[in-house]
Amino acid sequence: MLEVQGIHTYYGLSHILFNVSLKVQRGQVVCLLGRNGAGKTTTLKSIMGLVPPQRGRVRLNGEDVNGVEPYRLARKGIGYVPDDRRIFADLTVGENLEIAARPVPGSEGWTKERVYELFPPLKPMDSRRGGLLSGGEQKLLAIARALMTNPQLLLLDEPTEGLAPIMVKIFEERIRRLKELGLTVLLAEQNLKFTLGLSDYGYIIDNGRIRCEGPVAELVDNEEVRRICGI
Amino acid sequence: METSFTLAGLASQLLVGLSRAMILFIVSSGLSFILGVLRVPNVAHGSLYMIGAFAAHTIAVAFEGSAAGFWLAMLCAPLVVAVISLVAERLLFCHLYEREHLMLLLFTFALMLILGDLTKMTWGADYRSIVAPPLLQGSVPVLGTAFPRYNLFLLMVGPLVAIGLWLLSTKTKFGKIARAAAVDREMVGAIGINVSWVFAFAFVLGCLLAGLGGALVSPTISITLGMDHSIIIEAFLIVTIGGLGNIWGAMVGSLIFGITQSVGVLVLPQFAIVFPYLAVVVILTLKPTGLLKSVW
Amino acid sequence: MLQVENLQKSFADFKAVAGANLTVQQGDLVAVIGPNGAGKTTLFNLVTGHLAPDRGRILFKGGDITGLAAHEICRKGIARSFQIANIFPRLSVFRNVQVSVLSQKKLSHTLFRPAQTLVVEETNHILDSVGLSAKKMDIAGSLSHGDKRVLEIAIALGNEPELLILDEPTAGMSPDETTTTMELVKRLAMEQGLTILFCEHDMDVVFNVATSIMVMQHGQTIIQGKPQEVRQNITVQEAYLGGV
Amino acid sequence: MVKNILRTPSFLWTAAVLLVLLLVPFIAGRFYVYILAVIFVWGLLAMSLNLLVGHGGAYQFHHGAFYGVGAYTAGLIITKTALPAWIGLCAGPVAAAFTGLVVGAFCVRLNKLYFGMLQISLGSLIWILALRWYSLTNGDDGIHGIPMPDLLSGSVPAYYFILIVVSVCLALMYLILKSPFGATLRAVRDNPQRCQAVGINVRRHQLLGIVIATFFAGVAGVLFVVLEGSVFPDMLFWVLSLEIFIMCLLGGWFTFFGPMLGAAIMVALRTFVGSYTEYWTLILGVVLILLIFFLPDGIMGINFRTWLRNRERRRSTDVVR
Amino acid sequence: WIISALLLPAPAAARNIKIGIVDTYSGPPAVFGNDALNGFKMAVNEINKQGVLGNKIEFVTRDDKFKVDIGLNMAKELVLKENVDLIVGTVNSGLAMAVSDAVAKKEKIPFFTWMGKSENITGKAGHRYVFSTTENTAMAGKAAATVLAKKPIKKIWVAGDDYEYGHALDESFSRYMKQLKPDVEFIGKTWWKVGEPDLVPYFTSIQAAKPDLIHFCTGGASMANVLKTIKTTGINQKIPIYIHTAIDYAVLKPLGTEAPEGVMGTMDYLFYYPELSSNQKFVKEYQALYKAPPGFPAFHAYTTAYLIAEAFRQAGKIDREKFIDAIEGLKVDTPVGKVEMRACDHQAVYPILFGTTKISKEYGAAVATDIMTLRGAEVMPSCEEIQAARK
Ligand SMILES: Nc1ncnc2c1ncn2[C@@H]1O[C@H](COP(=O)(O)OP(=O)(O)OP(=O)(O)O)[C@@H](O)[C@H]1O
Ligand SMILES: Nc1ncnc2c1ncn2[C@@H]1O[C@H](COP(=O)(O)OP(=O)(O)OP(=O)(O)O)[C@@H](O)[C@H]1O
Ligand SMILES: [Mg+2]
Ligand SMILES: [Mg+2]
């Protein structure tokens, strides 16, 4: 579904990603692991077109999407959950969700009600301003918002940061259900327990380079991986 | 000095203040809208107001001052302004949104300089003035004083604009997107919305209101170069005391401005000019973020 | 050292903190835990003066600090970090920390001495201890998320606080960084006699580090006690730990 | 230590420029001497503003008011009292700083645009005072022909006086910006909330910044009086303030000398382009837009950028290694 | 268009006389600046046909944007860099004062103001190097007072733009009115801020006080507002009104037939009156060139050019001091007869016309009727008064 081929990404003049390649098959949950500053966020941003890579290619469903603007990518079915939440502080929780809504004609897509069902804590806050939510609530909202665009591929950047353990558990279970419904997920995470339980395949990134890849089960046992990820 | 402090005098003063407030409101609501969505202190707003007035004059004159010409002027002058702003936005402004707000201020200042000179080139330095159609000429008795019909007309237009704008920004998806884009443009893009056009539309809409204000004010004043300077500062003060980006705030601010000015004349004619400024100082001292909720 | 009594705070019609009680002894490492939206951050904001409480008292070293301004409370020896990284994005990492040290040494208003030469050692020391020395000339805004969180703590340390309040210090850190950071926190508590109050969702961290745990739910304190006691509390298990 | 400073390239540069400026009256026509003096006055004004805008992040929208207060104070003391002119000249900056203190005390409670607008209102009240108090200020005619002490009469002595005073002020500002106060000011600009949490009294800090900046604005006002012998209400009008603001942005507001350069450009544009076309504001507008597009950080900002670039380069090699 | 309007190249021998113009070509006062420039250009063209001292007059213009500091800058540039022989200009009387002091007096260079109407320029603040070729507020006030004192007027209300010019008009009219008719009463004053768009409220309160005369002290763009409001409120049908320059065609034309009738006003020049052949010729030529009749700024500038040229001829060479000596007391022919540059205060002596507005079919706008002419010498402050004021 998604194929990243040897991308190089820069912030201004600083070279952050070096020849990063990865592949996500439809219906898979793929994780991207690495320590702080390794380049996980940057990889996701490059895919989303927020920091377009200067070299290399990103293909979505076989189509070249280099240099395509983020809003078009979103319409092509990528949902993005940033690590720093980026809630629309002025809008109420409900409005945050409404403006993201992008119903898919024909199929039954996500609606506000269904999202609230998924994340019950959000429901009573429907009319509270997004900026006033607690850190964890904002995180939930960011995920909910991404779902509202009815994505086929979800880019999750540290979705569990700041979530209470019970929430993490619920979330893990929900993602599993979504996966069964056919959602594809690319996950950048530090929370190993959560990640490993969920994903099918993993990439290890360090200093802007992909160091290892493989089915998660193998990765966990790999000594180098443990070192790089700092376990 | 001595002024006759009659009830009728006060009433007429209030009414005039109110109708003056409507012009101020129309102009400043546009400014406030742009401030709210684009976060840009649009200094060129006054120039667009001036262009609106000049354009209205040209159109009205082309129809030899007939009533139809007047109404056409009221309709088309704002559109002229909208087109100008659309060109400026698509050609220049849309490349700058990522910049620091103060840089955008600099940009709109440059725009103000350019538009000011272009106005002079196009229309020259002569004073102009247009006449309201017969329907709106003369006055009607209100509370014992003669109240110009045109001002009555303004009193009806202002609230219409306010309600329209309010519905647009709170009840429509566009309004919500605009408010979201004000906070985080990039993220709005990431949920699949083409922000660029949202911003363009917001900018043009705001400017259109400036043009509308200019067109509406043209029968009551003489249209001259330099109109831009006098209005812009008032408009900024109004949106500030009302709460940046808040439509009703702009309304409240305009009313305060219009009424302090006109009633101030009765109380202390010599220093009537200080009242609006004093009002701003008092309000901001008591409520540091303006009277109504601001989006900033 | 810190005593919070029946603190309350509502926003409009919503009670974010509805009767929180907390006791922090000198040298304690107190963790506040609770589900999302329990009111932890709000509680910290109340203690550090970023919000004014509606009701209740906050005592610090015996003095009443309820309702003081944030900078005044800071001067009394309470420093904090923020849940959502809150740094000086356009200054260098070094400056970020130096500003805080300068403020602590009451040098902020010095007009005619070059800042370059002041408090350099102290600042470097802090940067060393949190492991940011290598990046000290970077513009803080360009750090990665995790590094910003570390810087966040470093800034707080610049204040040489007696009580350090950390809002989810390890959120967004990789496992070993989490360990290092919490080691650092522990070390600071041991070596400098720092008292630490933090909230955290990572239960391993909490149960490893904390000497006392306070559990909040719906703005209320459910229980405060030793880790063992808390772990056994049924309500906590259900409400929060989800049977961990 | 001192020797080291003397050897730094920036010091040498400054010394060389100063030397050239000292020689200007001997090599250039009187008009250029005059224009240079104008640039210095405007430049000092813009740099004092930049203390707050570029380094303090404050929307100081009516800085001109303090410039005007400085000038009016000097003008009024000299023409309306029997006090020696020097006292008038010294009183100007003090009065400006005091006004800054009062206005600032109101403003620092506010943020951003609110700050700016409140200041415009307060400044406009001062402007109205100058405009309306005919018996004292001559209203919108202004006060002209303010006599200067003998030492300063004539354009060349005035030039030297202005040059010296401006240099001293710049040196002071430089020191202030390099001091902990300056560093903290920038921190306040970046994140006032965080500053509070490290124990900085943000408002008081900003207020001190305002007092310092308005003091220098007052100095500029006094220098204007020395140069032109006139004061008039336009000096207190918000349009002038906006122009100074623009000078800062134009020259490069994150740099030290940028505003001075911005002032030079504005003055040069209006004097030299102004003599070819009455549409020089149009040209100014176009130039501004070009600058915004091609030199986003102002003209002096280029340096800043290259510096950053070099740093980034160093960093990126680190990553590679 | 490009400003530096240089004329035909000069013959080799001596040099041309170079005049610097600092005036307002932007913002509302640009109307006056442009009009004056047209008049000046026309005069210079005529003069250059014969030449002055065997050479020509050339001029350069600078836009002061109605700002004192910019104007000063420009004036200094003209003097120090362009080396002009004299400076003329500006609508902004504050700037005129500043230039008079900081440039004319300091650099000893003659400065003519053709639009700065403050009486202080040649009154209190006058000196050897400053000249005025416009009527001033003192003249307007005295002329109006002379006429109005004869009418049955007791209670006067003063209203106007709250700026120097407005106050100066009030001050001089009141002063002379009290002199000529000690029993008049000024029962109230209303000042609004310059550019105030809505004047109706002020009018209502004035009307309620029932004065015998309203003196509006206004000018420029606000004049049209005042006249418009007079028309909408119909106040002119109940109370006599006097406004200096109300009968100015430039003001009345934009209002067309919407202008109020019966408003009294004073002017020092009307293109349709007096119907002298010299004036008609001037108007015809001007109209041919600029497609509009000349306003008073054009006339002032035209006169100024002739005064300057004649003074240089009398002086015999391009020398500032000689020039001043020559121009003091000089009389030149103008479209409306001889105009003198009074020696004692350097104020041009113009006759003042007093008239009343009336819609004219011919012009499609209001013009002045029942015009009375007051001789310049009668309406100017005497030389003794000037002497006293300058002390
Ligand atoms: N805006 C920026 N400008 C310059 N450099 C940046 C910028 N943002 C990030 N970087 C640098 O890019 C590198 C990779 O950052 P990135 O945010 O992708 O890391 P990450 O793997 O997501 O880390 P974390 O787990 O801490 O979020 C870091 O070294 C960081 O300093
Ligand atoms: N200014 C405010 N106005 C209204 N509600 C608010 C405001 N600030 C916080 N809240 C609400 O108060 C509740 C408590 O928020 P708080 O930030 O204290 O939670 P928290 O315990 O820190 O949660 P998390 O673990 O997710 O960070 C939340 O539901 C939040 O939405
Ligand atoms: Mg990241
Ligand atoms: Mg929290």
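Keep in mind that what you see is a predicted model, and the values were worked out from it rather than measured. Each chain gets a letter, A, B and so on, in the order its sequence line appears, and its residues count up from 1.
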Give, as side chain, backbone, both or neither, the part of [X] having an atom under 4.5 angstrom from any heavy atom of chain B.
{"X": "L125(D)", "result": "side chain"}
{"X": "F245(D)", "result": "side chain"}
{"X": "V287(D)", "result": "neither"}
{"X": "L129(D)", "result": "neither"}
{"X": "I246(D)", "result": "both"}

Side chain to side chain contact (heavy atoms under 4.5 Å, CB included) against L86(B), all qualifying residues, sequence neighbours excluded: R90(B), V204(B)
Test item: side-chain donor near acceptor, [X] and [Y], under 3.5 Å:
{"X": "Q60(D)", "Y": "Q206(D)", "answer": "no"}
{"X": "H63(D)", "Y": "S241(D)", "answer": "no"}
{"X": "W133(D)", "Y": "S135(D)", "answer": "yes"}

Let's test your reading of the structure: which of [options] forms the most heavy-atom pairs below 4.5 Å with chain D?
{"options": "L115(B), L111(B), T285(B), I233(B)", "value": "I233(B)"}
{"options": "I283(B), V280(B), L92(B)", "value": "L92(B)"}
{"options": "V239(B), L113(B), D117(B), T240(B)", "value": "D117(B)"}
{"options": "L102(B), I241(B), L105(B), V281(B)", "value": "L102(B)"}

Lys/Arg cation over aromatic F199(B): R185(B), 6.0 Å, 45° cone: yes
